Amino acid sequence: MFALVDCDNCFVSCERVFRPDLEGKPVVVLSNNDGCVVARSNEAKALGIKEGTPYFKLADEFPGVKIEALSSNYTLYGDMSARVMATIRMHAPKVEVYSIDEAFCDLTGMERTTDLKLWGEQLAARIRQWVGMPVSIGIGPTRTLAKLASRYAKLYRGYNKCCVIDSDEKRRKALAGMDAARVWGIGARTDAKLRYNGCRTALDFADKPQGWVRMLFPLPVENTWRELNGISCIKTDEIAEKKSICTSRSFPEMVADRETLRTHVSNYASRCAAKLRRQHSVCNILTVFITTNPFREDLEWYSNAINVTLGTASASTVELVSAAGQALDRIFRDGLKYKRAGVIVSGIVPDNAVQLDLFGTDENTRRRLNLVSKAADDVNRRWGTETVVLAAQQYPSDPVTGMSPHFKDVILHNMRTPCYTTNLHDIIGVSSD
DNA sequence: TCTGGGGTCCTAGGACCC
DNA sequence: TCTGGGGTCCTAGGACCC
């Protein structure tokens with residue numbers, strides 16, 4: 001048996017722990033630059049606010065409705081997530097963190113000795129009490145069925161935060177009451193094809209013969225079919241090293257100037273290098289992409305990307321920033337207004353298995369570059385991210401303040417709450433009056 | 001005016017080999 | 001007139017997830 005522990009409206013719930021005044025109100029959390037709705041409270045969902053709605057459209061679509069909007073605070077969400085996961089680990093033998101707000105538990109062997117329904121209810125209550133996070137738990141013989149069960153736990157209070165599918169009768173009942181589109185692994189395309197073939201509910205799909213599924217759909221869909229029929233075959237790998245790493249941003253204002261764009265791209269490359277080092281990896285390939293605003297039909301649209309192959313695999317900030325700058329020059333076009341840029345690193349291998357190149361960076365230089373990266377990582381760990389950066393990452397100084405802003409300062413987040421749990425200056429004050 | 005960011009896996013088709 | 005048979009590797013794009 002597997003359990004899925006899923007935080008309820010995760011980002012909104014994180015905020016509400018420190019802002020109890022937001023309980024019972026429609027609350028949304030926005031993406032970077034306060035662009036789109038990425039999380040909604042139940043009240044916001046009930047109003048009909050869709051995920052992905054541009055924030056600026058909310059006022060038009062819901063005139064006169066008071067909607068609490070917050071900028072995203074990923075430092076807070078990451079820390080709250082870590083607390084939830086730590087609590088789960090204390091109560092389950094094998095935990096696979098699947099995303100910032102979900103974890104699977106492999107309960108193999110527990111079903112004989114434990115009342116799983118009670119176990120789930122107690123775990124949910126404990127996470128709520130210790131962390132303040134409401135969670136819903138689904139339990140079933142496959143991960144897909146556990147996920148489906150967690151939806152029922154969210155949907156109906158009667159389950160007391162935990163729904164268990166542990167018999168064929170319960171399985172069929174759960175599948176019959178769920179649209180196929182809601183099933184993990186069934187997206188819009190597959191759902192359209194299923195409907196065309198007469199399958200509306202998850203049960204319609206699960207009851208089709210396996211040969212039919214195999215003939216019409218790719219392998220992942222067939223695996224989902226197996227899982228719905230109680231045959232576990234989808235794994236989630238925990239703590240696997242990433243095979244590609246991307247850092248990208250949209251800009252609050254469009255960027256026409258090559259040097260500003262270069263500074264942005266330098267920062268993204270630097271972030272990718274730091275992420276690589278954190279997982280003890282190096283990359284062979286670096287990709288830079290830039291795009292203009294796809295929503296502006298009055299302006300010329302341009303989007304391009306280019307790969308650079310590194311002579312020797314690297315996670316050096318100096319080397320990656322340099323490669324990114326050269327790549328940018330090959331795709332940059334003058335006279336356009338850019339809206340978004342990013343850096344992707346791939347061809348990732350462990351940093352202790354680097355294939356050297358006869359004509360690449362020599363051993364001595366590599367050693368020195370690694371020392372520079374390590375020194376910067378040490379300083380930044382102690383004094384805060386990006387305390388030390390390359391000159392290429394600095395934006396021109398502000399003529400009034402003389403300050404040189406970098407990376408973290410160029411994204412809009414006008415409604416951001418404090419970092420209550422990770423910054424001593426932001427710690428919450430309590431008055432005894 | 002204003003529209004996010006980060007991943008994975010599979011598959012078909014091209015280019016190449018004998 | 002008539003155009004084989006069997007492989008591998010790589011990549012772009014699709015589909016999906018959060």
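This one's a predicted model, so the numbers in the text were calculated from it and none came from an experiment. Numbers restart at 1 for each chain; the letters A, B, ... are given by sequence-line order, proteins then strands.
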Distances under 3.5 Å only, N/O to N/O: pair up the protein atoms with those of nucleotides 14-16 of chain B.
none

Check: protein-nucleotides 10-13 of chain C nitrogen or oxygen pairs below 3.5 Å:
none

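Taking the side chain as every heavy atom from C-beta outward, A/Q394 and A/V389 approach each other to under 4.5 Å.
Residue pairs that meet the salt bridge (Lys or Arg N to Asp or Glu O under 4.0 Å) test with at least one member in residues 43-57 of chain A, sequence neighbours left out, are A/R16-A/E43. Listed by first and then second residue, the ring-ring contact (aromatic ring centres under 6.0 Å, His included) pairs that reach into residues 36-70 of chain A come to none, sequence neighbours excluded. Among residues at least two apart or in separate chains, ring-ring contact (aromatic ring centres under 6.0 Å, His included) pairs with a member in residues 280-337 of chain A are A/F332-A/Y338.
Counting only heavy atoms from C-beta on, A/M254 has its side chain closest to B/dC2 among B/dC2, C/dC18, B/dG4. With B/dT8, C/dC18, B/dG6 as the choices, the nucleotide that has an atom nearest any side-chain atom of A/S99 turns out to be C/dC18. Side chain of A/D101, nearest nucleotide from B/dG5, B/dG6, C/dC18: C/dC18.
Residues A/M80 and A/V131 share a closest heavy-atom pair of CE-O, 3.6 Å. A/S281 approaches A/E241 most closely through the heavy-atom pair OG-CG, 4.1 Å.
A/D207 has a carboxylate O that lies under 4.0 Å from a charged side-chain N of A/R172, or vice versa, which qualifies the two as a salt bridge.
Atom CG of A/N9 and atom P of C/dC18 are 14 Å apart (whole Å).
Within the 4.0 Å cut-off from OP1 or OP2 of B/dC9, at least one side-chain nitrogen or oxygen of A/K243 is found. Proximity of A/R249 to the phosphate of B/dG6: a side-chain N or O atom is located under 4.0 Å from OP1 or OP2. Contact annotation: A/S244 reaches the phosphate of B/dT8 (side-chain N/O to OP1 or OP2, under 4.0 Å).
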Expected list for residues 176-190 of chain A: side-chain donor-acceptor pairs under 3.5 angstrom, two or more places apart:
from   : atom 1 : to     : atom 2 : distance (Å)
A/D179 : OD1    : A/R200 : NH1    : 3.1
A/W184 : NE1    : A/Y98  : OH     : 3.3

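The closest donor-acceptor contact from the side chain of A/N284 to the backbone of A/G347 lies under 3.5 Å.
Near DNA chain B, meaning a heavy atom under 4.0 Å away, the residues from residues 27-65 of chain A are A/S31, A/N32, A/C36, A/P54, A/F56. A heavy atom lying under 4.0 Å from DNA chain B marks none of the residues of residues 130-152 of chain A. Only A/N293, A/F295, A/R296, listed by number, bring a heavy atom of residues 285-302 of chain A to less than 4.0 angstrom from any atom of DNA chain B.
When heavy atoms are screened at a 4.0 angstrom cut-off, A/I186 is found touching the sugar-phosphate backbone but no base atom.
Annotation: B/dT3 and C/dC18 have their P atoms spaced 25 Å apart (nearest Å).
Around the NZ atom of A/K243, the shell of radius 6.0 Å holds no more than 12 heavy atoms that belong to other residues, nucleotides or ligands.
A search for side-chain contact (heavy atoms from CB on, under 4.5 Å) contacts involving A/I100 returns A/F11, A/Y77, A/S81, not counting sequence neighbours. Residues passing the ring-ring contact (aromatic ring centres under 6.0 Å, His included) test with A/W130, sequence neighbours excluded: A/H91.
In terms of position on DNA chain B, the residue among A/Y74 and A/C246 whose nearest nucleotide sits closer to the 5' end is A/Y74.
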* Asked: Dot-bracket for DNA chain B, 5' to 3', with Watson-Crick and G-U pairs under 3.5 Å, [ ] for crossing pairs and | for other-strand pairs: what is it?
  -> ....||||||||||||||
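A donor-acceptor contact under 3.5 angstrom links the side chains of A/R226 and A/N223, judged on distance only.
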